[in-house]
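Chain letters run A, B, ... following the sequence lines, proteins first and then strands; every chain starts at 1. Just so it is clear, the values below take in all heavy atoms, side chains as well, and ignore hydrogens, waters and symmetry mates.
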There are 2 protein chains.
Amino acid sequence: MVTIKDVAKLSGVSPSTVSRVIADNPRITEETKKKVRKAMKQLGYHPNISARNLVAKSTKAIGVIMPSSANTALQNPFFPEVLRGIGSVIHEARYSLSLSTGETDDEICEEVKRMVFGRYVDGIILLYSRLNDRVTNFLREQDFPFVIVGKPYENESETTYVDNDNLKAGKEITKCLIDKGHEKIAFIGGSSDLIVTKDRQDGYIEALKEAGLEENDSYKIHTEFLKSGGREAVEYLLSLKEKPTGLVVSDDLISLGVISRLEESGYSIPDDLSLVSFNNVYLSEITRPPLTTVDIQIYELGAQSAKALIEKTVNKGEPAKRIIIPHKIVYRDSV
Amino acid sequence: MVTIKDVAKLSGVSPSTVSRVIADNPRITEETKKKVRKAMKQLGYHPNISARNLVAKSTKAIGVIMPSSANTALQNPFFPEVLRGIGSVIHEARYSLSLSTGETDDEICEEVKRMVFGRYVDGIILLYSRLNDRVTNFLREQDFPFVIVGKPYENESETTYVDNDNLKAGKEITKCLIDKGHEKIAFIGGSSDLIVTKDRQDGYIEALKEAGLEENDSYKIHTEFLKSGGREAVEYLLSLKEKPTGLVVSDDLISLGVISRLEESGYSIPDDLSLVSFNNVYLSEITRPPLTTVDIQIYELGAQSAKALIEKTVNKGEPAKRIIIPHKIVYRDSV
DNA sequence: CTGTTAGCGCATTCAA
DNA sequence: TTGAATGCGCTAACAG
């Protein structure tokens with residue numbers, strides 16, 4: 001392995017000078033810099049990151065934690081897309097990205113501890129937010145830099161997070177249905193532990209209230225992201241005496257299952273039933289019918305979270321921030 | 001920061017003894033081990049990974065390189081699923097997983113160099129394989145441990161890779177169509193640079209030949225994974241005087257676009273046209289109709305690649321291996 | 001079975 | 001503007 005010493009020897013300077021050239025220290029002559037750089041190139045020198053990390057007490061690496069994947073949640077195109085957003089700013093900052101590999105909550109928790117205690121990473125991005133999450137609590141305890149994509153369950157004002165205004169979005173998208181004359185509108189959401197589910201549902205409820213529509217508990221359904229999730233929800237809904245005519249679904253992926261099951265039973269969308277949804281994943285454009293859905297700018301969610309985290313790691317003491325990514329409704333044919 | 005020295009002091013032994021306890025060296029008394037462990041717990045000690053990496057000359061980290069994401073390829077549920085597979089064995093081996101963040105070929109290439117030269121990782125998994133890939137060539141030049149998910153373009157026998165028998169799979173799935181009496185069968189594939197596209201298409205061609213069916217160049221279409229990819233392909237196909245009655249599509253995601261566009265034009269599947277596909281991504285179950293597709297065991301592809309790579313990194317000199325993951329056809333309703 | 005010593009490759013004082 | 005010395009936290013060889 002070619003080290004800083006070899007470069008020093010070849011270029012006739014001291015190791016510390018080489019180190020300074022690497023850091024592009026302005027107190028080094030352009031001339032010697034040139035000389036040293038030539039030697040580096042000649043020897044094919046590249047700094048050893050572990051050595052550097054050791055002394056710098058920083059790894060310039062960010063940990064990204066995905067939710068537990070017992071379910072197929074991960075298959076949600078949401079994740080590749082946030083990852084792209086995160087990746088773009090991480091890449092530009094010359095950081096590296098360490099992805100969680102655990103599948104269960106236990107594994108993930110253990111892994112986060114390794115990341116934190118072993119100083120694998122300078123900060124962590126959480127790609128989910130839910131009630132009483134061990135990981136979140138741990139990170140807070142340790143006072144370790146992290147940001148949440150989504151809204152924290154508690155300590156909102158002391159936590160940096162990047163989110164949409166899901167309440168408002170839920171309200172707006174529900175209004176789309178109401179404006180079309182729908183009065184029996186159901187909500188189908190993901191796990192009720194997820195903050196995002198709650199927010200969107202609250203928006204849905206508010207919209208109903210404002211319109212003076214009756215709020216019906218049997219119209220609020222929580223299900224899995226699994227393929228069968230949307231299907232089960234539909235089966236339940238169809239079993240009701242009073243069937244809804246409008247559906248607010250909190251995730252495009254669930255919508256897929258919903259539509260599929262609905263058409264199986266002979267219901268056609270939007271003729272028999274209208275449906276609106278969230279996320280504007282690329283799929284929502286391909287489906288039949290294409291989905292009217294809330295574009296939450298997934299990429300941007302990722303990018304901003306990475307940006308905020310990096311700021312936070314370089315500049316400890318950075319205050320907690322709340323970053324709201326604007327959404328917009330994309331009108332297509334499911335209403 | 002609490003270091004090995006602090007633990008040593010508190011437990012009244014030397015730093016090296018502590019180090020040995022960490023490594024669970026059998027030449028240390030159970031008694032002292034207990035003592036030392038107690039001190040570690042008491043102080044909340046955790047080894048610093050950078051320091052360890054520095055002396056061990058290994059990071060126990062694996063780099064995973066995704067294809068350039070100029071297109072929406074990444075949104076393909078294939079990737080989360082391989083990542084899950086990779087993650088599972090990486091996690092079990094207590095390795096960590098560094099994900100590429102670059103979007104363009106240039107960025108990716110630069111990033112791989114950083115990973116390799118900076119010794120960020122012990123080995124690399126390539127999640128794609130295509131003609132004349134710079135990254136692959138670089139890795140070979142450097143004689144850096146890597147494995148490909150897919151079949152290498154060249155130096156097949158000297159490269160470790162994990163793949164399906166895509167030729168055979170292509171043949172079998174095409175036969176499904178032929179056996180049903182289809183004679184005009186088209187192939188819609190992804191980029192022709194991708195080895196996987198070529199293999200599957202070759203299988204398709206072989207099947208045609210064996211059945212004595214005419215092979216028609218205007219029936220071989222290459223398109224993007226983009227949403228519009230499948231659509232364009234269909235438009236072209238519909239413009240032909242002699243329209244096919246069967247479609248072999250090399251990716252479930254493309255199939256989605258194909259079906260959507262097809263039904264838009266009033267063609268119904270499988271009544272007017274039959275379609276078979278590849279990957280058995282969860283989507284293929286949700287679509288209408290559910291897809292008859294080749295299950296390529298994506299998770300397993302990932303897991304095996306990680307396993308092979310780790311073996312390779314711990315045991316340099318490990319010979320190149322070819323690992324073929326069996327596929328099976330999942331019969332659903334698109335035929 | 002355990003302690004002493006040295007050194008991994010680098011960045012950073014402090015001198016010069 | 002540069003060099004010499006020191007130490008980051010850890011492991012491993014060598015003693016004992």
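- Separating the CZ atom of Phe117(A) from the P atom of dG9(D) is a distance of 17 Å, rounded to the nearest angstrom.
- Here dC10(C) is the nucleotide among dG3(C), dC10(C), dT2(D) with the atom lying nearest to any side-chain atom of Ile4(A).
- Counting distance only, with no hydrogens placed and no angle test, the side-chain atoms of Ser16(B) and the base atoms of dT4(C) include a donor-acceptor pair under 3.5 Å.
- Evaluation of atom-type donor-acceptor distances gives no pair under 3.5 Å for the side chain of Ser19(B) against the base of dA12(D).
- The side chain of Thr29(A) approaches dT1(D) more closely than any other nucleotide in the set dC10(C), dT1(D), dA4(D).
- Closest to the side chain of Val55(B), out of dG3(D), dT2(C), dT11(D), is dT11(D).
- If you find the closest nucleotide of DNA chain C to Val13(B) and to Pro15(A), the one lying nearer the 5' end belongs to Val13(B).
- Using modelled atom types, no side-chain atom of Thr29(B) and backbone atom of Thr32(B) make a donor-acceptor pair closer than 3.5 Å.
- At whole-Å resolution of the value, NZ in Lys9(B) and P in dG9(D) are 12 Å apart.
- Here Thr32(B) reaches the OP1 or OP2 of dT2(C): one of its side-chain N or O atoms lies under 4.0 Å away.
- The base of dG3(C) sits within donor-acceptor range of the side chain of Arg20(B), with an N or O pair under 3.5 Å.
- Computed from coordinates, the Arg27(B) CZ to dT11(D) P distance equals 15 Å when rounded to whole Å.
- Straight-line distance from the CZ atom of Arg119(A) to the P atom of dC8(D): 14 Å, rounded to whole Å.
- Using the six-membered ring where Trp is involved, Phe138(B) and Phe117(B) have ring planes that are perpendicular, over 60° apart on the 30 and 60° scheme.
- Atom NZ in Lys35(B) sits about 13 Å away from atom C1' in dG3(C), given to the nearest Å.
- Phosphate proximity of dG9(C) to Lys57(B): present, with a side-chain N or O under 4.0 Å from OP1 or OP2.
- When the C1' atom of dC10(C) is taken as reference, atom NZ of Lys5(A) falls 10 Å away, rounded to whole Å.
- Following rounding to the nearest Å, Asn53(A) (CG) and dT12(C) (P) show an atom-to-atom distance of 13 Å.
- The CG-P distance, from Leu43(A) to dG9(C), rounds to 14 Å in whole Å.
- Among dT2(D), dC10(C), dG9(D), the nucleotide with an atom closest to any side-chain atom of Leu54(B) is dG9(D).
- Here dG9(D) is the nucleotide among dT2(D), dG9(C), dG9(D) with the atom lying nearest to any side-chain atom of Thr3(B).
- Using a cut-off of 4.0 Å between Lys/Arg side-chain N and Asp/Glu carboxylate O, Asp24(B) and Lys33(B) are scored as salt-bridged.
- No option in Asp122(A), Asn53(A), Thr313(A) other than Asp122(A) meets the side chain to side chain donor-acceptor pair (under 3.5 Å) test with Thr59(A).
- Salt-bridge formation is detected for the pair Glu110(B)/Arg94(A): a Lys NZ or Arg NE/NH1/NH2 atom is positioned less than 4.0 Å from an Asp or Glu carboxylate oxygen.
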